[in-house]
Amino acid sequence: MSCIFCRIVAGEIPAEVVAREPEVTAFLDVQPLADGHVLVVPRAHAACVEDLEQAEADALFRAVVRLAGPVREALGAAGTTIGVNNGEATGQTIPHVHVHIVPRWPDDGAGSIHTIFPRRTRRPLGEVAAAIRRVVG
Ligand SMILES: [Zn+2]
(Lines give C-alpha, C1' and ligand atoms only; values in the text may rest on other atoms or scores of the structure.)
Protein backbone atom coordinates (compact mmCIF):
# COMPACT_ATOMS: atom_id res chain seq x y z
CA MET A 1 0.00 0.00 0.00
CA SER A 2 1.84 3.06 -1.21
CA CYS A 3 -0.90 5.69 -0.95
CA ILE A 4 0.02 7.97 1.93
CA PHE A 5 -3.63 8.67 2.79
CA CYS A 6 -4.48 4.96 2.84
CA ARG A 7 -1.56 4.49 5.21
CA ILE A 8 -2.78 7.31 7.48
CA VAL A 9 -6.29 5.79 7.49
CA ALA A 10 -4.76 2.42 8.41
CA GLY A 11 -2.73 4.03 11.20
CA GLU A 12 0.53 2.93 9.59
CA ILE A 13 2.01 6.42 9.57
CA PRO A 14 1.35 9.15 12.09
CA ALA A 15 -0.95 12.08 11.52
CA GLU A 16 -2.78 14.58 13.68
CA VAL A 17 -6.11 12.77 13.41
CA VAL A 18 -9.05 14.88 14.57
CA ALA A 19 -11.86 12.44 13.77
CA ARG A 20 -11.95 8.78 12.89
CA GLU A 21 -15.16 7.13 11.74
CA PRO A 22 -15.71 3.74 10.11
CA GLU A 23 -15.77 5.21 6.60
CA VAL A 24 -13.92 8.50 7.02
CA THR A 25 -10.76 9.85 8.64
CA ALA A 26 -10.00 13.53 9.20
CA PHE A 27 -6.53 14.82 10.00
CA LEU A 28 -4.48 18.00 9.81
CA ASP A 29 -2.77 18.84 6.52
CA VAL A 30 0.98 18.70 7.15
CA GLN A 31 1.40 21.77 4.93
CA PRO A 32 -1.47 23.84 6.31
CA LEU A 33 -2.79 26.89 4.51
CA ALA A 34 -4.05 28.12 7.88
CA ASP A 35 -4.19 26.83 11.44
CA GLY A 36 -6.82 24.11 11.56
CA HIS A 37 -6.53 23.10 7.87
CA VAL A 38 -8.18 19.67 7.95
CA LEU A 39 -8.30 16.98 5.28
CA VAL A 40 -11.28 14.65 5.27
CA VAL A 41 -10.70 11.39 3.38
CA PRO A 42 -12.75 8.28 2.68
CA ARG A 43 -11.37 5.03 4.09
CA ALA A 44 -11.54 3.33 0.73
CA HIS A 45 -9.01 4.44 -1.84
CA ALA A 46 -10.56 6.41 -4.67
CA ALA A 47 -8.60 8.83 -6.82
CA CYS A 48 -11.38 11.23 -7.75
CA VAL A 49 -14.83 12.16 -6.51
CA GLU A 50 -16.46 10.33 -9.39
CA ASP A 51 -14.68 7.13 -8.37
CA LEU A 52 -16.49 7.04 -4.99
CA GLU A 53 -19.32 4.63 -4.34
CA GLN A 54 -22.52 6.44 -3.40
CA ALA A 55 -22.32 5.32 0.25
CA GLU A 56 -18.69 6.48 0.44
CA ALA A 57 -19.64 9.86 -0.97
CA ASP A 58 -22.52 10.15 1.48
CA ALA A 59 -20.28 9.33 4.45
CA LEU A 60 -17.59 11.73 3.24
CA PHE A 61 -19.89 14.70 2.91
CA ARG A 62 -21.69 13.91 6.15
CA ALA A 63 -18.30 14.06 7.88
CA VAL A 64 -17.50 17.38 6.21
CA VAL A 65 -20.82 18.79 7.41
CA ARG A 66 -20.22 17.45 10.91
CA LEU A 67 -16.65 18.81 11.12
CA ALA A 68 -16.98 22.25 9.53
CA GLY A 69 -18.58 23.85 12.59
CA PRO A 70 -16.23 22.34 15.18
CA VAL A 71 -13.15 23.23 13.12
CA ARG A 72 -14.38 26.82 12.87
CA GLU A 73 -15.20 26.96 16.58
CA ALA A 74 -11.93 25.37 17.69
CA LEU A 75 -9.88 27.94 15.81
CA GLY A 76 -12.13 30.91 16.49
CA ALA A 77 -12.53 31.36 12.75
CA ALA A 78 -15.21 33.37 11.00
CA GLY A 79 -15.86 30.72 8.34
CA THR A 80 -14.28 27.91 6.38
CA THR A 81 -13.40 27.41 2.76
CA ILE A 82 -14.24 23.85 1.74
CA GLY A 83 -12.80 22.49 -1.47
CA VAL A 84 -11.63 19.51 -3.48
CA ASN A 85 -8.91 19.42 -6.10
CA ASN A 86 -10.41 16.69 -8.26
CA GLY A 87 -7.81 15.17 -10.60
CA GLU A 88 -4.12 15.74 -11.22
CA ALA A 89 -4.77 18.60 -13.65
CA THR A 90 -6.44 20.57 -10.86
CA GLY A 91 -3.44 20.43 -8.56
CA GLN A 92 -4.47 17.29 -6.68
CA THR A 93 -1.12 15.94 -5.50
CA ILE A 94 -2.29 12.86 -3.57
CA PRO A 95 -4.54 10.68 -5.76
CA HIS A 96 -6.90 9.79 -2.91
CA VAL A 97 -10.02 11.95 -2.62
CA HIS A 98 -9.67 14.55 0.11
CA VAL A 99 -11.84 17.45 1.12
CA HIS A 100 -10.02 20.48 2.46
CA ILE A 101 -11.59 22.40 5.33
CA VAL A 102 -9.63 25.61 5.78
CA PRO A 103 -10.57 28.03 8.57
CA ARG A 104 -10.94 31.61 7.42
CA TRP A 105 -10.83 35.06 8.95
CA PRO A 106 -11.86 38.37 7.39
CA ASP A 107 -8.26 39.64 7.33
CA ASP A 108 -6.49 36.41 6.31
CA GLY A 109 -5.48 37.71 2.88
CA ALA A 110 -6.98 34.79 0.98
CA GLY A 111 -9.71 35.08 -1.60
CA SER A 112 -12.81 33.11 -2.40
CA ILE A 113 -12.84 30.03 -4.62
CA HIS A 114 -13.74 32.42 -7.46
CA THR A 115 -10.34 34.08 -7.20
CA ILE A 116 -8.47 30.96 -8.37
CA PHE A 117 -10.09 31.12 -11.82
CA PRO A 118 -9.26 33.63 -14.55
CA ARG A 119 -12.85 33.43 -15.90
CA ARG A 120 -11.92 32.30 -19.39
CA THR A 121 -15.27 31.08 -20.61
CA ARG A 122 -15.85 30.67 -24.34
CA ARG A 123 -19.28 29.12 -24.73
CA PRO A 124 -22.79 30.44 -23.97
CA LEU A 125 -24.41 29.11 -20.78
CA GLY A 126 -27.26 27.42 -22.66
CA GLU A 127 -24.87 25.50 -24.91
CA VAL A 128 -22.79 24.37 -21.95
CA ALA A 129 -25.85 23.34 -19.93
CA ALA A 130 -27.20 21.35 -22.90
CA ALA A 131 -23.88 19.54 -23.30
CA ILE A 132 -23.83 18.57 -19.62
CA ARG A 133 -27.49 17.51 -19.62
CA ARG A 134 -26.82 15.21 -22.60
CA VAL A 135 -24.10 13.38 -20.66
CA VAL A 136 -25.96 13.36 -17.32
CA GLY A 137 -28.93 11.79 -19.09
ZN1 LIG B 1 -5.39 5.89 -0.91
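Heavy atoms only: backbone and side chains are in, while hydrogens, waters and symmetry mates are out. Values in this document were obtained by computation on a predicted structure and should not be read as measured data.
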>> With a 4.5 Å cut-off on side-chain heavy-atom distances among I, L, V, M, F, W and Y, is there a chain of contacts connecting Val71 to Val102?
In response: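 No, because Val71 and Val102 fall into different hydrophobic clusters, even though each may have its own neighbours under 4.5 Å.
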
Tabulate below the donor-acceptor pairs under 3.5 Å that side-chain atoms of residues 28-35 make, not counting sequence neighbours, or state none.
unit_1	atom_1	unit_2	atom_2	d
Asp29	OD1	Gln31	N	2.7

May I have the list of side-chain donor-acceptor pairs in residues 123-137 shorter than 3.5 Å, sequence neighbours left out?
unit_1	atom_1	unit_2	atom_2	d
Arg123	NE	Glu127	OE2	2.8
Arg123	NH2	Glu127	OE2	3.4

List for me each residue that meets side chain to side chain donor-acceptor pair (under 3.5 Å) alongside [X], sequence neighbours excluded, and say none if there are none.
{"X": "Asp58", "value": "Gln54"}
{"X": "His100", "value": "His37"}
{"X": "Asp51", "value": "none"}

Under the side-chain contact (heavy atoms from CB on, under 4.5 Å) test, which residues partner Ala78, sequence neighbours left out?
->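 Only Pro106 meet the side-chain contact (heavy atoms from CB on, under 4.5 Å) criterion with Ala78.
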
Nearest heavy atoms of Pro103 and Ala77, plus distance in Å: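 Here Pro103 and Ala77 meet closest at CB-CB, 3.7 Å.
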
Q. What are the two closest non-hydrogen atoms of Ile82 and Ala68, and how far apart are they?
A.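 Shortest heavy-atom separation between Ile82 and Ala68 comes out as CD1-CB, 4.1 Å.
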
Side chain proximity check, [X] to [Y], heavy atoms < 4.5 angstrom:
{"X": "Leu52", "Y": "Leu60", "value": "yes"}
{"X": "Val24", "Y": "Pro42", "value": "no"}
{"X": "Glu50", "Y": "Asn86", "value": "yes"}

I'd like a table of donor-acceptor pairs (distance under 3.5 Å, sequence neighbours excluded) in which one partner is a side-chain atom from residues 111-120, with atom names and distances.
unit_1	atom_1	unit_2	atom_2	d
Ser112	OG	His114	N	3.1
Thr115	OG1	Ser112	O	2.6

Worksheet item: ring pair (Phe, Tyr, Trp, His ring centres under 6.0 Å): which pairs involve residues 40-75, sequence neighbours left out?
Response: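 Pairs touching residues 40-75 that pass the test: His45-His96.
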
| message | Give me each pair satisfying side chain to side chain donor-acceptor pair (under 3.5 Å) with a member in residues 66-78, each pair once, sequence neighbours excluded. | response |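 Listed by first then second residue: Glu21-Arg66.
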
(Q) Has Glu12 got a side-chain atom pairing as donor or acceptor with Arg7's backbone, closer than 3.5 angstrom? (A)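 No; zero donor-acceptor contacts below 3.5 Å.
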
When rounded to the nearest 0.5 angstrom, what distance separates SG in Cys6 from CZ in Arg43?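 These two atoms lie 10.0 Å from each other.
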
Q: Write out all pairs satisfying salt bridge (charged side-chain N to carboxylate O under 4.0 Å, His left out) with one or both partners inside residues 90-118, taking only residues at least two apart or from two chains.
A: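 Only Arg104-Asp108 qualify under salt bridge (charged side-chain N to carboxylate O under 4.0 Å, His left out).
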
| query | So which residues get pulled into Val9's cluster when ILVMFWY side chains under 4.5 Å apart are joined, directly or through others? | reply |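 Answer for Val9: Ile4, Phe5, Ile8, Ile13, Val17, Phe27, Leu39, Val41, Ile94.
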
Report task. Could you list who else is in Leu75's hydrophobic cluster, with ILVMFWY side chains joined at under 4.5 Å, directly or through other members? Result ->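 Joined to Leu75, directly or through intermediates: Trp105.
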
